[in-house]
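To keep things clear, I will list the structure first and then write my remarks on it.
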Amino acid sequence: MSPQVQSADLLQIECDYETSKMGVLVTFGGIIMLFVTFLATFSAMVAKELATIKLDETTIIVAGVTTIILIMSSVLFHKSYSLWQKINEVTISNYFYASIIFGIVFLFGQINLWKMIVSAGFTSHSNVLAGMVYLIGGVHAVHLIAGLTVLGWLWYQLIQSRQVKPVRYQMIGWFWHFLTALWCIIFVFFLIVL
Amino acid sequence: MEGIKMSSSKSIMSTHIFSTDHKTIGKQFLFLGIFFLLFGGFQALLIRWQLAYPEQPVPWWLLGFIINGEAGMITPDVYNQLFTMHGTIMIFWAITPLLIGAFGNFLIPLQIGAKDMAFPTLNMLSFWTFFLSGVVLLSAYFLPTGAASGGWTSYPPLSLPAGGIPGLGQAFWTLSITLMGVATMMGAINYVITVIRLRAPGMTYFRMPLSVWGLWLTSILNVIFVPVIAAGLIMLLIDQLLGTQFFLAGRLAAGGGGDPLLFQHVFWIFGHPEVYILILPVWGIVSELLSVFSRKPAFGAKVTVICMSTIVVLSSIVWGHHMYTTGMSPLLGKTFMFLTLLISIPSSIFFFNWLATLWRGSLHFDPPMLHTMAVIWVFAIGGLTGLYNATVTADIYLHDTMFVVGHFHYTMAASVLFGGYAAIAHWYPRMFGRMLNPLLSKIHFWGTFITINLVFFNMMVTGYAGQHRRLYYPGEFEFLQPLADMNIFITIMAFFLGAFQILFLYNFIHSMLKGKVAENNPWKANTLEWTMDYPIPHGNFSTIPQVVNGPHEYSNPNIKDADWVCQTVKIEGDS
Ligand code: HEM
Ligand SMILES: [Cu+2]
């Protein structure tokens, strides 16, 4: 067998893992561009002084707490993944459930947060900046719901004791961490700009 | 018995409808693209009818009976819908599937020596999402207020209910383009990664055929910029449906209000790269075919690649040239002008590479070559007229005139049409195992070439004379009345142009059934897609090829009895 043929075979075997990783990364790139555009538009609206928005301290604290909850969810997911790897990739850990629950709590926290901002008088119709805050949070939440759906799928596979490809578990984790990081950036951005 | 039936019907579903074979998906895109091309072309003829014969009902041979306005006349509303849907369909549902969908799918795995795309299922989903987006787009015709009519650029406030256009047509437009963007993203992610990961051993980046380069760069632009327009469209959609006011200002905005110009920025930050998204595959295909049909290596192939990549980068920072007349600061205007004119440097370099490939080549004027050479001509005119548009002082006059319409039909419509026809003529034998009828192809080519120039060049003339684009009835303005004859002439030529496309359609379908059976490599090309027997099975290569040559090594003096050599065959005497 000549060395070239070997490398061709290797390519076919290896590509699954590397290719999936790359696919996920490029997808992140696309999602990042989506949010970059939102944030850039938001900044332009601030720069043009189209509206102002002033949040009271409680709102900011609540937002901080929900952010921490999302970070916790991400950390817990990572724990569940490491544990899963250790225990021969079959059983499901409590970390996994906790991660899902924290994710859901975050979503409800977001809804609560929106309500607080609305009751402070900043509605999507009267204030474009508030509209952008709802929009950006909403589009992020849609991604989170998609993430939760995938987590649900993973949960189903695990309780059925099906063989889950390690790369799948890992990539789902990446997506979850990515959404957390994305939210943190958005949050800090709002804090700085508003 | 039951089981057998089940499995055979399932296999038709999985081999022809929900196939994950990139070649089948490519053909699906091709058929859908041709359908939309004809549909968009038909709308163009109706637009031209109105511009030439404004007060006459549409005749039966233009299907006048489906225009339900007053006695078959095109009303202003219908006219607005026509040019809006024409532009939208041609750009997003005709050119995109023809070049990127069809040839991106068909060529990339075959030419880089891969068994399929990196994510075949995603690829299948991409086509069906695309199909769904087309259904949403067309279903707007059944709305009581009709389809979108705010132009393909859909600028607010016009495109918002508060700003002018009532009904849901605009929202359907926005939604369908968003869906189309999702489909495009799925395809683009696939293409980008397939090229990075699945190149056969020895297929280095610079050994990839230039067609693959063009398609790959296009996909990179798609991944970066489709999300940008997605963001703008989401904002526009909730403005349209939920009554937010991101893009409303002044008296139209009840509360705080936003700024309509923001949409223009977002639109063109995507929109200018988009025009390169559409043309890059053509540049790649032209660079490759010129080499095949001149039997010479593509002159300065690496430089061509570098130039195309440079243009990809530059294309993202020139969007402001679409907005000179929006009152931007003169400094900003000049900056955009400078950056835009900068693009002409890499453009002219690869353009001269094309000419140098032809220079003293052994030119074979087969139909693919005729179409390829036509691209050189129409793209030259289109590119040069771009310079006038890019110059602020000239553009303040030319903006929103038929001159701009002529410019972008040369660069986009004519170039992409000829590029697409070149690709179809060249790879038809690989797709369908038969040859197109060469005589019909040549008649189609010459008919198209002559009429298309008469149509679009004269559009620029009317624009230079002051005729604005999107006018319902130019004759209303006294200073445009002398152009009436010219407008009639353009329209008549457009009818001929359309008629020649029917000839193409006939040739395309007839040859598929009755055409001459093709040999495996009728054009004696080097690239990998010609190495296997027709029909090419799902999985393409029984063993992954080992590539040892560049793609365009024609007339190598070290090869004795042929002027070509497959990319997998080692040339004796070459280092
Ligand atoms: C080669 C260099 C090019 C330059 C310098 C150039 C420059 C311009 C400029 C300045 C405009 C704005 C004109 C106006 O609205 O007043 C314009 C419009 C346009 N160009 Fe180009 N262009 C070039 C190539 C292309 C190519 C390759 C394509 C497409 C494949 C293209 C497609 C378009 C389209 C679609 C529009 C009009 C959009 C609209 O307003 O509806 N251009 N071009
Ligand atoms: Cu442009």
Side-chain angles (χ1 to χ4, degrees), chain A residues 2-12 14-53 121-136 138-139 142, chain B residues 113-115 117-119 122 181-182 185-186 188-190 192-194 196-202 219-220 222-232 234-235 238-239 242-249 253-259 261-263 265-266 269-270 541 543-548:
Chain A
S2 72
Q4 286 96 355
V5 175
Q6 237 172 8
S7 74
D9 290 346
L10 264 179
L11 190 86
Q12 290 302 309
E14 256 184 4
C15 74
D16 191 37
Y17 179 66
E18 283 294 317
T19 309
S20 320
K21 256 174 38 181
M22 212 174 267
V24 169
L25 287 179
V26 175
T27 311
F28 290 173
I31 299 176
I32 289 173
M33 283 308 291
L34 183 71
F35 281 92
V36 163
T37 311
F38 282 136
L39 295 182
T41 315
F42 184 83
S43 316
M45 288 173 172
V46 173
K48 290 187 166 197
E49 298 176 354
L50 293 179
T52 49
I53 209 173
F122 300 111
T123 65
S124 64
H125 285 59
S126 67
N127 186 312
V128 278
L129 290 185
M132 286 306 284
V133 170
Y134 303 132
L135 175 64
I136 294 170
V139 174
V142 168
Chain B
K115 285 176 177 285
M117 288 286 177
F119 309 108
L122 186 69
V182 173
M185 282 298 283
M186 294 186 201
I189 291 170
N190 229 333
V192 169
I193 288 170
T194 303
I196 298 177
R197 292 294 306 159
L198 300 186
R199 278 169 294 121
S219 310
I220 293 173
N222 260 329
V223 170
I224 299 175
F225 288 106
V226 167
V228 173
I229 191 64
I234 292 171
M235 292 172 72
I238 59 178
D239 266 7
L242 305 181
T244 50
Q245 305 180 338
F246 297 128
F247 301 132
L248 278 181
D259 188 347
L261 271 189
L262 282 174
F263 181 82
H265 280 291
V266 173
I269 290 173
F270 152 82
F541 300 92
T543 49
I544 298 288
Q546 167 74 39
V547 176
V548 291

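Chain letters run A, B, ... following the sequence lines, proteins first, then strands; residues in each count from 1.
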Could you give the side-chain donor-acceptor pairs of residues 23-46 of chain A under 3.5 Å, partners two or more places apart or in another chain?
residue	atom	partner	partner atom	Å
A:Thr27	OG1	A:Gly23	O	2.7
A:Thr37	OG1	A:Met33	O	2.7
A:Thr41	OG1	A:Thr37	O	2.6
A:Ser43	OG	A:Leu39	O	2.7

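- Contact of B:Ile224 with chain A is made through backbone and side chain together, with heavy-atom distances under 4.5 Å.
- What you find for B:Arg197 and A:Thr19 is that their closest heavy atoms are NE-OG1, 3.4 Å.
- Counting heavy-atom pairs under 4.5 Å between each of B:Leu262, B:Thr543, B:Asn190 and chain A puts B:Leu262 at the top.
- Your options are B:Val228, B:Thr244, B:Leu248, and the one with the most heavy-atom pairs under 4.5 Å with chain A is B:Val228.
- Using a 4.5 Å cut-off between heavy atoms, B:Ile269 does not touch chain A at all.
- For B:Phe270, no part lies under 4.5 angstrom from a heavy atom of chain A.
- In this structure A:Phe122 satisfies the ring-ring contact (aromatic ring centres under 6.0 Å, His included) test with no other residue, sequence neighbours excluded.
- At a 4.5 Å heavy-atom cutoff, B:Ile229 makes no contact with chain A through either its backbone or its side chain.
- Minimum heavy-atom separation, B:Asp239 to B:Gln245: OD1-N, 3.3 Å.
- Among all heavy-atom pairs drawn from B:Lys115 and B:Phe541, the shortest one is NZ-O, 3.0 Å.
- Minimum interatomic distance between B:Ala200 and B:Pro545 (heavy atoms only, all atoms of both residues): CB-O, 3.3 Å.
- In this structure, chain A has a heavy atom under 4.5 Å from the side chain of B:Ile238, while its backbone stays farther away.
- Heavy atoms only, all atoms of each residue included: B:Ala249 and B:Gly258 are closest at CB-O, 3.6 Å.
- In terms of non-hydrogen atom pairs under 4.5 Å with chain A, the most contact-rich of B:Ala118, B:Pro227, B:Gly232, B:Gly202 is B:Pro227.
- For chain A, the nearby part of B:Val266 is the side chain; its heavy atoms alone come within less than 4.5 Å.
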